[in-house]
Every structure is written in structure tokens, then in C-alpha cells.
Amino acid sequence: MSLLGPVEVRSLAERLNIRPTKKLGQNFVIDGGTVRRIVRLSGVAPHDVAIEVGPGLGSLTLALLPEVAEVVAVEIDPVLAEQLPLTVAERAPEVAGRLTVVHADALKVGPAELGTEPTALVANLPYNVSVPVVLHLLEVLPSLRRGLVMVQSEVADRLAAAPGSRIYGVPSVKAAWYADVRRAGPVGRNVFWPAPNVDSGLVSLVRREPPVTTATREEVFAAIDAAFAQRRKTLRAALASWAGTAAAAEKALLGAGIDPSARGEQLRVEDFARIAEQRAAAAAHQPGQTGRRPR
């Protein structure tokens, strides 16, 4: 296995006339130890089908291919998507058949576009879309059982934040709907080219069942969005527009066993599920409502 180092990354980028762009969140990993560490911490096994978002020049791809049954690499840049199979064929011909490259926007892919059902997400995610990508893939790919992603350090903290924390917010709660999330370690700036002006971090995700509730995921997520849109306000005030009135919000909160004077940062995802369930039940019994809601 011949991994990409600093010389190889720069040489390949120069040959392809690639200049990393902030728009696509491109920072290429140039350190073999870092990609080996990511693969090790991801816990992937020989039977896994890994999805890698933003493979770039292939640094992580080359380290991942020998350890899994298949790697589905989703790349939005057409030049990089075309080059990746050539790089793998040249540097790791014995595992080149395990690679599938999908030229697409990761925010728009699902099982149909991927042609398979990945079991693990392992990626150095484009930092400008990291949270939307994680939440989208967890939603549309129920086959994903675990993941390890590299993201901006601040984003890693937010994804893994616990209730009561100052940085606990929408990403924290929504990610918790799908998975147990934790920080898996820091990553220095010097392992990238070009070196970003922010620190990076690894985040581990292990799929879990969502909270048991009669509310839909959309209803729960709407409550989460409303609570954190005005996070300094009490839940009674913050949820007033979402519930219809402050009184209706208070009723839903009390029905869910939540203090109306609490704030969103104090609640777990299970709490938001109970609140949404209470509001949905109240709406179903309003005059003119059938009691049936789309799922």
C-alpha cells in the first residue's frame, strides 16, 4: 500500500491543475499516520461497506480500501472524481476493484444513487457542510451503523455536546436522534494541505434507535429548531410560534413533564420528542382536524 504524502499530494494537485477551494471545503490530508489513525478508530471490519464523502485526492481512500469490502466515494468535484480511480489503480491495484466513485453532491445522495447500502461513514468532511452531510446521511441511510468523521474542532464539540453545555444546540440534539456521539480526538493543522486556520477533531457516531414517540421525526426536529432559534428565551416563549400560542406551548411542555421556564439547552432529545408528541396530540383534537398526520 502506497499512501499519499506531502510530495505526492502536491505533485498530483499540480498535474491536475487543482487549487483547493474554500467553497468546496477542500483541505487535503498529507499525513499517512493520520489516515491510518482514522481508519483504526472507525472500527471498520472486512465485511463493511464504507461511504467516504469528499475523498479529494485519495489520501484516506487508500488507507480505507484494504480494511473493508467496498468503499463508495462521493465526490462533487468532477476532476477529482475522475482521477480517484486512476490514483487507486496505480498505487493500490490489488484493492482497486473495491472502489466505487459517485460523482454527486453528498447532500442529495441516497441508496439509489449509491447503488448500495453503506454500513459505515468514514470521511474527512468538507468543513462548510459537515453537519448537514452527517444528518442527511444518517437520515437517508438507515444501514449506517457507525461512523468516524473529521470536522472542524468547534463543530466536533457541538456535535458531541451534552445537555446543559453552552455549546449544546441543534446539531447536538439532532445527531443524538440517530446516534451516540462522542469526541474521538484532536487533529493538528499541519496534517493538511493547505493548512486550515482552524483546528480539527474526530467524531465517533454509533447508531442507536430514536426515542420512542408517536411524533414524527419532522415534528420533533421542528420543536428543536424553534427552541434554539431563541435559545435565551424560556421554552414557553421560544416555542410559542411553533405551538401556536404561548399557552399552547406551556400546555405541551407541562404535558411532557418539562418546566416551561426551562431553556432548550437543558433538554435531551427524548424531552423534545415528548414535547412534540404532546403538541401533535393537541393539534389532532382541534376542531377540523382528522387526527391523522403524515409520516
Could you tell me whether a side-chain N or O of S200 sits under 3.5 Å from a main-chain N or O of V187, the two making a donor and an acceptor? no
Over all heavy atoms of both residues, which pair between W242 and A226 is shortest? Give the atoms and the distance, please. CB-CB, 3.7 Å
How far does CG of N124 sit from OG1 of T34, to the nearest 0.5 angstrom? 10.0 Å
Could you report the tightest heavy-atom contact between V140 and G110, atom names first, then the distance? CG2-CA, 4.2 Å
If only side-chain N and O atoms count, and only distance matters, is there a donor-acceptor pair under 3.5 Å linking E70 with T100? yes
Shared ILVMFWY cluster between L41 and L3, side chains joined below 4.5 angstrom? yes
Can you name the closest pair of heavy atoms from P85 and V101 and give their distance? CG-CG2, 3.7 Å
Decide yes or no for I258 and R274: does some side-chain heavy atom of the first lie under 4.5 Å from some side-chain heavy atom of the second? yes
Using a 4.5 Å cut-off on heavy atoms from C-beta on, say whether the side chain of H103 contacts that of P78. yes
Measure the shortest side-chain to side-chain distance between I30 and F192 over non-hydrogen atoms and say whether it is less than 4.5 angstrom. no
When rounded to the nearest 0.5 angstrom, what distance separates OG in S59 from CH2 in W193? 11.0 Å
Is Y178 reaching over with its side chain to a backbone N or O of E209, donor-acceptor style, under 3.5 angstrom? no
Can you tell me if R98 has over 12 outside heavy atoms packed within less than 6.0 Å of its CZ? yes
How about V122 and D48: do any of their side-chain heavy atoms sit closer than 4.5 Å? no
So D199 and P186, do their side chains get closer than 4.5 Å, heavy atoms only? no
So does Q266 have more than 12 non-hydrogen atoms from other groups sitting under 6.0 Å from CD? yes
Close side-chain approach of I38 and L202, heavy atoms under 4.5 Å: yes
Do S130 and Q152 have side-chain atoms, one donor and one acceptor, less than 3.5 Å apart? no
Mind listing the closest non-hydrogen atom pair of A63 and P66 along with its distance? O-CD, 3.5 Å
D157 vs R183, test: side chain to side chain contact (heavy atoms under 4.5 Å, CB included). Steps then yes/no. CA-CA 7 Å; D157 289 338; R183 281 292 303 258; 2.4 Å; yes
State, yes or no, whether a side-chain contact exists between L141 and P111 at a heavy-atom distance under 4.5 Å. yes
Could you give the distance from CG (L235) to CD (Q230), rounded to the nearest 0.5 Å? 11.0 Å
Could you measure the distance from the CG atom of L159 to the OG atom of S172? Nearest 0.5 Å is fine. 7.0 Å
Is there a side chain to side chain contact (heavy atoms under 4.5 Å, CB included) between L138 and L205? Walk through the geometry before answering. CA-CA 10 Å; L138 287 171; L205 307 111; 4.1 Å; yes
Less than 4.5 Å apart, any side-chain heavy atom of V88 and any of L65? yes
Taking all non-hydrogen atoms of both residues, which atom of A81 and which atom of E75 are closest, and how far apart? N-CG, 3.7 Å
Is a donor on one side and an acceptor on the other found under 3.5 Å between the side chain of E219 and the backbone of T216? yes
For a salt bridge (Lys or Arg N to Asp or Glu O under 4.0 Å) check, start with the C-alpha distance between R208 and E270, then their side-chain angles and the critical distance, and finish with the verdict. CA-CA 13 Å; R208 67 169 193 162; E270 291 83 3; 3.2 Å; yes
Check L12, V9, V79 against I18 for a side chain to side chain contact (heavy atoms under 4.5 Å, CB included) and give me the one that passes. V79
Would you say V173 and I167 are hydrophobically clustered, going by side-chain heavy atoms of ILVMFWY under 4.5 Å? no
Within 45 degrees of the ring normal and closer than 6.0 Å to the centroid, is that where the cationic atom of R217 sits relative to F221? yes
R231/E265 salt bridge by N-O under 4.0 Å criterion: yes
H136 and K108: side chain to side chain contact (heavy atoms under 4.5 Å, CB included), yes or no, with the steps? CA-CA 8 Å; H136 170 72; K108 299 178 181 178; 5.7 Å; no
Side-chain donor/acceptor of R145 to backbone N/O of P142, under 3.5 Å: yes
Is there a salt bridge (Lys or Arg N to Asp or Glu O under 4.0 Å) between K174 and D225? Walk through the geometry before answering. CA-CA 9 Å; K174 289 186 177 180; D225 289 333; 2.9 Å; yes
In Å, rounded to the nearest 0.5 Å, how long is the span from CG of L125 to CD of E52? 9.5 Å
The test is side chain to side chain contact (heavy atoms under 4.5 Å, CB included); show your working for V39 and L60 and say whether it passes. CA-CA 8 Å; V39 173; L60 178 56; 3.9 Å; yes
Got a donor-acceptor contact below 3.5 angstrom from the R158 side chain to the G169 backbone? no
Does atom CD (E113) have a neighbourhood of more than 12 heavy atoms from anything else shown, all under 6.0 Å? yes
Flag, side chain of Q278 to backbone of I275, donor-acceptor distance under 3.5 Å: no
I need the L267 CG to D259 CG distance, nearest 0.5 Å. 10.0 Å
Of all the heavy-atom pairs spanning F272 and A227, show the shortest one and how long it is. CE2-CB, 3.6 Å
Check step by step if salt bridge (Lys or Arg N to Asp or Glu O under 4.0 Å) holds for R10 and E14. CA-CA 6 Å; R10 290 185 176 90; E14 183 177 353; over 6 Å; no
